Amino acid sequence: FGVLWVGLIFYRNLSCAKVFQSGMMPALSDEDFQAIYNYNEREVRDKVKAGDIVYYRRSIGAEKNKFYFGRVIATEGQQVAMVNGEVLVNDKPLPETYVGKDSRNPAEFFTGIVVPKDHYFIANDNRAANYAKDSRSFGPVSVHAILGKATSR
C-alpha cells in the first residue's frame with residue numbers, strides 16, 4: 001500500500017517532458033528528458049520565482065498550444081528591459097550567471113515592460129539563437145499557461 005501511495009504522489013506531482021529546442025542550453029540540452037514538478041495555478045503563484053525554469057504552453061499565435069521550457073526573469077509588477085543584450089529588472093542589471101557571453105545578443109534592445117498581474121516574463125538562456133521564442137517576442141506568460149517547474153536549474 002505504501003508503494004502505491006508514493007507512486008500516486010509522484011504521478012500527481014511529477015511528470016517528464018522532452019526538450020525540443022536548444023534555447024535553454026547549457027541548463028537543458030536539446031533532446032533531453034526533463035522532470036517537471038506539476039503545479040496548479042495556486043502552486044504556480046506560490047512556488048515559481050525569478051530564476052526558475054518553467055514548462056509552459058503558448059496560448060497565442062501560430063505556435064498556440066506548443067510547449068516550451070524557459071527561465072522566469074521577472075514576475076508581476078516588475079519592470080523588465082533589455083539594453084545591449086543585458087537584462088534590467090526595475091532598472092538594475094540582472095546577474096545572469098546561467099547565460100554565457102556567446103549566448104547574448106548585444107544588439108537586442110527593448111524598453112521597460114511592466115509584467116501584468118498573474119503573469120511572468122520568461123526568456124531562454126541561449127538568447128543569441130534566432131529561433132528563440134519567449135516573452136521577448138510574444139509578451140509575458142499567464143499563470144494559467146505554466147504547467148510546472150523543471151527540476152534542473
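Computed from a predicted structure; not experimentally measured. Scope of the values below: all heavy atoms of this structure, side chains included, with no hydrogens, waters or symmetry mates.
Salt bridge present: R127 and E96 bring a charged side-chain N and a carboxylate O closer than 4.0 Å. A salt bridge links D118 with R45; the closest basic N to acidic carboxylate O contact falls under 4.0 Å.
Summarising the geometry, atom NZ belonging to K117 is positioned 5.0 Å from atom CD belonging to E76; distances are rounded to the nearest 0.5 Å. The line from CD of Q79 to CG of D91 is 5.0 Å long, rounded to the nearest 0.5 Å. For the atom pair CZ of F109 and CG of N84, the computed distance is 8.0 Å after rounding to the nearest 0.5 Å. Here the CD1 atom belonging to I53 is positioned 11.0 Å from the CD1 atom belonging to I36, to the nearest 0.5 angstrom.
Counting only heavy atoms from C-beta outward, the side chains of T75 and V115 never approach each other to under 4.5 Å. Contact check for Y56 versus I122: side-chain heavy atoms found under the 4.5 Å cut-off. Annotation: side chain of L88 is in contact with side chain of V83 (closest heavy-atom distance under 4.5 Å). N38 is not listed as a side-chain neighbour of L147, based on a closest heavy-atom distance of 4.5 Å or more. The side-chain heavy atoms of D32 and K18, taken from C-beta on, include no pair separated by under 4.5 Å.
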query: Would V72 and V54 count as a side chain to side chain contact (heavy atoms under 4.5 Å, CB included) if you check the C-alpha gap in whole Å, the side-chain angles of each, and the deciding distance to 0.1 Å?
result: CA-CA 7 Å; V72 175; V54 295; 3.9 Å; yes
task: Go through V19 and M24 one step at a time and tell me if the side chain to side chain contact (heavy atoms under 4.5 Å, CB included) criterion holds.
output: CA-CA 9 Å; V19 179; M24 286 303 297; 5.6 Å; no
- request: Could you walk me through whether I73 and L94 pass side chain to side chain contact (heavy atoms under 4.5 Å, CB included), step by step?
  value: CA-CA 8 Å; I73 61 170; L94 182 65; 3.9 Å; yes
message: side chain to side chain contact (heavy atoms under 4.5 Å, CB included), that's the test. Do Y120 and V48 meet it? Break it down for me.
response: CA-CA 9 Å; Y120 296 88; V48 172; 3.9 Å; yes
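For N40 against R42, the heavy-atom pair with the smallest separation is OD1-N, 3.1 Å. Contact detail for V143 and E41: the closest heavy-atom pair is CG2-O, 3.9 Å. The heavy-atom pair separating D134 from N124 by the smallest distance is OD2-N, 2.8 Å. Residues P140 and P116 share a closest heavy-atom pair of CG-CD, 3.8 Å. Of all the heavy atoms in V141 and S135, the pair that sits closest is CG2-OG, 3.9 Å. For the pair R136 and M82, the tightest heavy-atom approach, listed with the atom from each and the gap, is CD-CE, 4.1 Å.
Formation of a donor-acceptor pair under 3.5 Å by the K149 side chain with backbone atoms of I146 is not found in this model. Judged by distance alone, with hydrogens and angles left aside, the side-chain atoms of H144 form no donor-acceptor pair with the main-chain N or O of S142 at under 3.5 Å.
Remark: R58 is positioned above the aromatic ring of F138, its terminal NZ or CZ atom under 6.0 angstrom from the ring centre and at most 45 degrees off the axis. With a 6.0 Å cutoff to the six-membered ring centre and a 45° limit on the axis angle, R71 counts as a cation-pi contact of Y98.
Close placement of the F67 and Y55 rings is indicated, their centers lying within 6.0 Å of each other.
Hydrophobic clustering (side-chain heavy atoms under 4.5 Å, transitive across Ile, Leu, Val, Met, Phe, Trp, Tyr) groups F110 together with V99. M25 and Y68 fall into different hydrophobic clusters, where Ile, Leu, Val, Met, Phe, Trp and Tyr side chains are chained together by heavy-atom contacts under 4.5 Å.
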